[in-house]
Amino acid sequence: MGRIPSLKNFNAFPHAEDHLLKKTYSGAIVTIFGLIIMVTLFAHELKFYLTTYTVHQMSVDLKRGETLPIHINMSFPSLPCEVLSVDAIDMSGKHEVDLHTNIWKLRLDKYGHIIGTEYLNDLVEKEHGTHNHDHDHEHQDEQKKQEHTFNEDAEKMVKSVKQAMENGEGCRVYGVLDVQRVAGNFHISVHGLNIFVAEKIFDGSSHVNVSHIIHDLSFGPKYPGIHNPLDETTRILHDTSGTFKYYIKIVPTEYRYLSKQVLPTNQFSVTEYFVPKRATDRSAWPAVYFLYDLSPITVTIKEERRNFLHFLTRLCAVLGGTFAMTGMLDRWMYRLIESVTKSKTRSVLR
């Protein structure tokens, strides 16, 4: 029992008697100021602790036999919906037909307001060499041209499209394409038209204006922080025509939420190239191409939260430092006020 009183010598927090403590207005002001700073810093540290951060990891892509979803939302202010078609082709050169593809075409007036809809339940299947306007038409048999005649439906379509173009009608294409998970391309163009119908409507491929606005283009669902480089891209042509080509490199991505939920999706980078239409080139019809390839590397993005002990350490450092600084500020203000008060008292006594 005799050793217990000696422990008082190790007390780092000695207490003064109440009659030795002096409370001042300056001390109250400093205390309020210090409390405001402490509450502000505490809220900041708590928000910092609750905010998640992401960790990126890379590995070899081992996915097989899956489809690649392509989300499209584009507007063509100078082409009516009747002439536009959406085609997809894989690296083997064959056009794909997907009955589960959901594509809508919205008719737009010259102000961009929707005036009608059209639903495409699948892609138009074509033989690669028959309806592709990129082939050379200069060597076609003149006799076949003479034998070709327009039926009534074709004539009505030509008149309808010309009237729509005179009214400044455009088209918005949106929906989802489910394609094979291999390199390929999809394009939006007038290639779905019969070559003679297209010639009748546009009076030559040089008059096809593929000006477009890409509202949204993605290859899977969006996750927090994703940036799709083609979103809100506008390409308007004036007194010229040509083909736009977007070379896209797709990076398979997995986003792992803090709740352990996994969201499979894709990121991509893009390079843009424009091929102007030449007056002497009659073989190629203007279009908007998206040529994509897949990276063999998968990026895994994981949400993480900071350690609670780390939060406590930062909190103690911030609050302790603020308390120490306000204590020093209080002592300095007290001494300053005391010195000013004493100097005034001396001057009065004199």
Side-chain angles (χ1 to χ4, degrees), residues 47-75 86-92 94-104 122-123 172-188 212-235 244-273 288-307:
K47 181 181 178 181
F48 181 73
Y49 167 68
L50 295 177
T51 302
T52 59
Y53 66 97
T54 56
V55 177
H56 293 67
Q57 298 175 345
M58 291 188 295
S59 60
V60 177
D61 184 19
L62 301 178
K63 295 179 182 178
R64 294 182 180 179
E66 298 183 4
T67 58
L68 179 68
I70 304 175
H71 300 263
I72 306 171
N73 188 353
M74 298 177 60
S75 294
V86 183
D87 307 312
I89 183 172
D90 63 18
M91 62 185 305
S92 66
K94 295 181 180 179
H95 284 81
E96 295 288 338
V97 177
D98 190 346
L99 297 178
H100 300 289
T101 298
N102 297 315
I103 294 293
W104 290 85
D122 60 353
L123 297 180
R172 185 163 187 167
V173 180
Y174 79 96
V176 181
L177 297 176
D178 289 316
V179 298
Q180 297 298 319
R181 198 178 180 84
V182 294
N185 77 76
F186 66 95
H187 52 277
I188 304 175
H212 59 278
I213 302 170
I214 304 175
H215 305 285
D216 176 56
L217 180 69
S218 59
F219 295 85
K222 296 183 178 181
Y223 61 84
I226 190 174
H227 172 66
N228 294 324
L230 285 179
D231 287 0
E232 303 304 328
T233 297
T234 302
R235 297 292 180 267
F244 289 90
K245 294 184 178 181
Y246 297 95
Y247 295 91
I248 297 172
K249 192 69 173 182
I250 300 174
V251 181
T253 304
E254 285 187 351
Y255 192 88
R256 298 180 180 270
Y257 290 93
L258 203 61
S259 60
K260 307 302 181 183
Q261 179 185 357
V262 179
L263 177 68
T265 183
N266 299 279
Q267 304 178 78
F268 69 94
S269 61
V270 62
T271 301
E272 179 183 350
Y273 185 62
V288 179
Y289 282 85
F290 297 90
L291 303 98
Y292 57 87
D293 193 7
L294 286 91
S295 169
I297 302 299
T298 295
V299 175
T300 301
I301 305 175
K302 298 172 63 176
E303 285 186 347
E304 299 285 350
R305 178 166 287 169
R306 294 166 181 84
N307 188 278

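The minimum heavy-atom distance between Ser295 and Pro252, with the atom names listed, is O-CD, 3.6 Å. In terms of heavy-atom proximity, Arg305 sits nearest to Leu50 at NH2-O, 3.3 Å. Listed here is the closest heavy atom pair of Glu232 and His215: OE2-O, 3.4 Å. Nearest heavy atom pair, residue Val176 against residue Pro69, reads CG1-CB, 4.4 Å. The nearest pair of heavy atoms linking Thr67 to Arg181 is O-NH1, 4.2 Å. The heavy-atom pair separating Thr265 from Pro221 by the smallest distance is OG1-O, 2.6 Å.
Two residues are said to be in side-chain contact when any heavy atoms from C-beta on lie closer than 4.5 Å; Leu230 and Tyr246 meet this criterion. Taking the side chain as every heavy atom from C-beta outward, Ile103 and Leu177 approach each other to under 4.5 Å. Under the 4.5 Å side-chain criterion, counting only non-hydrogen atoms from C-beta, Ile72 is not in contact with Phe290. Inter-residue side-chain proximity for Val288 and Met74 is flagged as met; some heavy-atom pair is nearer than 4.5 Å. Side-chain contact between Thr253 and Ile301: present, with at least one pair of heavy atoms (C-beta onward) separated by less than 4.5 Å. Between Tyr292 and Ile70 the shortest side-chain heavy-atom distance falls below 4.5 Å. With contacts defined as side-chain heavy-atom distances shorter than 4.5 Å, the pair Ile250/Leu68 qualifies. Annotation: side chain of Asn228 is in contact with side chain of Lys222 (closest heavy-atom distance under 4.5 Å).
With Asp231 contributing its side chain and Leu217 its backbone, the two residues share a donor-acceptor pair below 3.5 Å. The backbone N or O of Thr300 sits nowhere less than 3.5 Å from a side-chain atom of Arg256 that would complete a donor-acceptor pair. The main-chain N or O of Phe219 is found under 3.5 Å from a side-chain atom of Asn266 such that the two form a donor-acceptor pair. Side-chain atoms of Arg306 come within 3.5 Å of backbone atoms of Thr51 as a donor-acceptor pair (strictly under, hydrogens ignored). Proximity of a side-chain donor or acceptor of Ser218 to a complementary backbone N or O of Asp216 within less than 3.5 Å is not detected. Using modelled atom types, no side-chain atom of Glu303 and backbone atom of Tyr257 make a donor-acceptor pair closer than 3.5 Å.
A distance of 11.5 Å separates CE in Met91 from CD1 in Ile89, rounded to the nearest 0.5 Å. Taken to the nearest 0.5 Å, the CD1 atom of Ile213 stands 8.5 Å off from the CZ atom of Arg172. Between the OG1 atom in Thr233 and the CD atom in Glu272 there is a gap of 7.5 Å [rounded to 0.5 Å]. Considering OG1 of Thr271 and NZ of Lys245, their distance stands at 13.5 Å, rounded to 0.5 Å. Rounding to the nearest 0.5 Å gives a distance of 11.0 Å between OG1 of Thr298 and CD of Gln267. The line from CG of Leu258 to OH of Tyr53 is 10.0 Å long, rounded to the nearest 0.5 Å.
Side-chain contact annotation: Asn73 with His71, donor-acceptor N/O pair under 3.5 Å absent. Remark: the Glu254 side chain and the Tyr223 side chain contain no N/O donor-acceptor pair separated by less than 3.5 Å.
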